[in-house]
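The shown structure was predicted, so the numbers you read here are calculated from the model rather than taken from an experiment. Quick note on labels: first sequence line is chain A, next is B, and so on, each numbered from 1.
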Number of protein chains: 2
Amino acid sequence: MGLTDRQRQILNFIKQSILKEGFPPSIREIGEHFGIYPRAAFDHVKALEKKGFVKRSAAKSRGIEVRDFMERDVQPDARQVPLLGRVTAGRPVLAVENIESIVCIPRDWARGEEVFLLRVKGDSMAPFIMDGDLALVRSQASADNGDVVVALLEDEATIKRFYRENRHVVLKPDNAAWETLRMEEGTPGFRLIGKVIGVYRRI
Amino acid sequence: MGLTDRQRQILNFIKQSILKEGFPPSIREIGEHFGIYPRAAFDHVKALEKKGFVKRSAAKSRGIEVRDFMERDVQPDARQVPLLGRVTAGRPVLAVENIESIVCIPRDWARGEEVFLLRVKGDSMAPFIMDGDLALVRSQASADNGDVVVALLEDEATIKRFYRENRHVVLKPDNAAWETLRMEEGTPGFRLIGKVIGVYRRI
DNA sequence: TGATTTAGTCAACGCATGTATAGTATAATA
DNA sequence: TATTATACTATACATGCGTTGACTAAATCA
């Protein structure tokens with residue numbers, strides 16, 4: 001059950017007020033800020049409580065507590081992630097010589113044990129993922145059908161869509177100009193590196 | 001100028017209350033906790049303010065802000081960028097009620113005076129930019145031919161490709177299912193918000 | 001020695017504030 | 001189709017709450 005636009009606005013105002021003033025706004029202050037009556041503001045706060053985004057201490061002035069305030073919004077909550085120029089066979093993925101830099105992204109964009117950014121080469125997944133994009137990858141040795149994955153074939157890393165069909169692994173490009181790879185499970189030289197969980201493109 | 005024993009107790013109670021409840025205690029609640037009259041509690045809070053340990057918003061209920069409560073360190077190489085749920089006409093783009101959260105991204109990804117992330121609605125730029133993507137936008141009032149821009153048309157913000165052709169502004173979607181907009185320069189209700197300099201997609 | 005600071009009691013004023021009652025209107029849902 | 005969720009207006013009530021004035025008493029300061 002998500003929030004409506006208006007409810008999101010109200011929640012943001014409450015958060016901003018706490019950050020700026022140090023304490024939550026009163027019902028009337030919320031109303032004044034949006035130019036609505038206290039009752040309308042009151043109903044919105046009750047809706048936020050019902051949906052679990054806020055905990056109220058009934059009948060207490062400014063008795064609004066925003067749940068997961070730190071987790072979602074405040075910065076200490078950034079995660080440092082290595083940016084890899086390439087993935088090489090043989091060595092561990094996060095070998096020092098592959099790390100181009102360490103960048104800082106919101107923690108909830110990078111959920112998982114081992115997460116890294118990979119500079120994409122080639123257009124086998126165009127237009128979804130383009131040459132030069134940064135792919136956010138979570139290390140994992142298996143994947144579900146349809147996942148976009150990073151796989152290592154001999155000495156070359158590729159990004160393709162992953163399928164498993166009667167004991168065969170299928171790596172299918174979005175771009176039809178490229179060939180679909182099909183191989184038996186356990187084929188030597190093949191290794192699943194991880195799943196692409198995000199794409200960043202600088203224009 | 002240090003604190004007395006009693007003042008330290010009061011300050012600790014205020015801190016504990018904020019941590020536990022999510023908002024500061026009222027003067028009366030402080031009094032009740034220590035078994036003293038509101039006036040005595042009031043005087044203590046004023047003493048804490050005088051000594052700089054607390055900032056008060058006079059005449060406001062629970063108007064107590066504890067200073068240096070949450071000192072947060074931010075990575076030097078990171079930049080904090082507001083994430084907007086939408087862009088509204090009339091108000092400034094970075095109006096508080098539009099800010100969903102503040103996220104932290106590498107400084108060199110966000111070069112420019114005013115940069116923000118915008119949650120994309122609709123697929124007019126598919127497959128380049130999809131519904132739900134986050135667009136990194138640099139505020140600017142003009143653009144070059146071919147730039148992907150955020151523009152405000154009356155009350156609605158859209159992302160389109162920008163062209164200028166014989167004193168006309170052309171806003172062209174990548175998705176052919178959408179119409180190309182063509183209007184004279186200076187048409188009222190039209191406003192260029194900024195240029196899309198990056199796209200972030202979570203899969 | 002008198003003034004200031006600290007720590008209280010007690011009663012009261014008046015605006016702030018959460019909440020209720022009673023409506024209107026629109027869009028989504030079953 | 002009836003019903004629920006959303007988003008409001010308008011008025012009002014009772015209590016919450018910051019604040020004040022007046023006063024006591026001990027400790028500390030100049």
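- In this structure, CG of A/L3 is placed 15 Å from C1' of D/dA7, rounded to the nearest angstrom.
- For the pair B/R56 and D/dT19, the criterion of a side-chain N or O lying under 4.0 Å from OP1 or OP2 is met.
- Taking CG from B/L136 and CZ from A/R202, the interatomic distance works out to 9.5 Å, rounded to the nearest 0.5 Å.
- B/L171 is listed as a side-chain neighbour of B/V149, based on a closest heavy-atom distance under 4.5 Å.
- Straight-line distance from the CD1 atom of A/I30 to the P atom of C/dA16: 17 Å, rounded to whole Å.
- Rounded to a whole Å, the CZ atom of B/F23 is 14 Å from the C1' atom of D/dC17.
- Taking atom CZ of residue B/R6 and atom P of nucleotide D/dA27, one finds them 16 Å apart after rounding to whole Å.
- In this structure, the CD atom of B/E32 is 11 Å from the C1' atom of D/dC17, given to the nearest Å.
- Taking the side chain of A/P38 as heavy atoms from C-beta on, and the options D/dC17, C/dT19, C/dC10, the nearest nucleotide is C/dT19.
- Contact annotation: B/H44 side-chain N/O to C/dA7 OP1/OP2 distance is under 4.0 Å.
- Checked against the 6.0 Å centroid threshold, A/F42 and A/Y37 do not count as a close aromatic pair.
- For D/dA7, one of the phosphate oxygens OP1 or OP2 lies less than 4.0 angstrom from a side-chain nitrogen or oxygen of A/T4.
- Contacts of B/G31 with the nucleic acid, taken as non-hydrogen atoms under 4.0 Å apart, are absent.
- Phosphate proximity of D/dG16 to B/S61: absent, as no side-chain N or O sits under 4.0 Å from OP1 or OP2.
- Residue A/R39 places no side-chain N or O under 4.0 Å from the OP1 or OP2 atom of C/dG18.
- Using a 4.0 Å cut-off, no side-chain N or O of A/K50 falls inside it from OP1 or OP2 of D/dT6.
- The residues B/E29 and A/K60 are annotated as salt-bridged, a charged nitrogen and a carboxylate oxygen being separated by less than 4.0 angstrom.
- Between B/A59 and B/Y37, it is B/Y37 whose nearest contact on DNA chain C lies nearer the 5' terminus.
- Residue A/S26 places at least one side-chain N or O under 4.0 Å from the OP1 or OP2 atom of C/dT17.
- The CD1 atom of B/I27 sits 9 Å away from the C1' atom of D/dC17 (whole-angstrom rounding).
- What separates CD of B/E49 from P of D/dG18 is a distance of 13 Å, to the nearest Å.
- The nucleotide whose nearest atom lies closest to any side-chain atom of A/A58 is, among C/dT17, C/dT19, D/dT20, C/dT19.
- Remark: A/R201 is positioned above the aromatic ring of B/F128, its terminal NZ or CZ atom under 6.0 angstrom from the ring centre and at most 45 degrees off the axis.
- In this model, no side-chain donor or acceptor of B/R62 finds a partner on the base of D/dG18 within 3.5 Å.
- Rounded to an integer number of Å, the gap from CG of A/D43 to P of D/dA10 is 16 Å.
- Not one side-chain nitrogen or oxygen of A/K51 sits closer than 4.0 Å to the OP1 or OP2 atom of D/dA5.
- Dashed line: the shortest gap from a side-chain N or O of A/Q7 to OP1 or OP2 of D/dA7 is under 4.0 Å.
- Side chain of A/R161 to backbone of A/G146: a donor-acceptor contact under 3.5 angstrom is found.
- Taking the nucleotide of DNA chain C with the nearest heavy atom to each of B/A40 and A/R28, the more 5' of the two is matched to B/A40.
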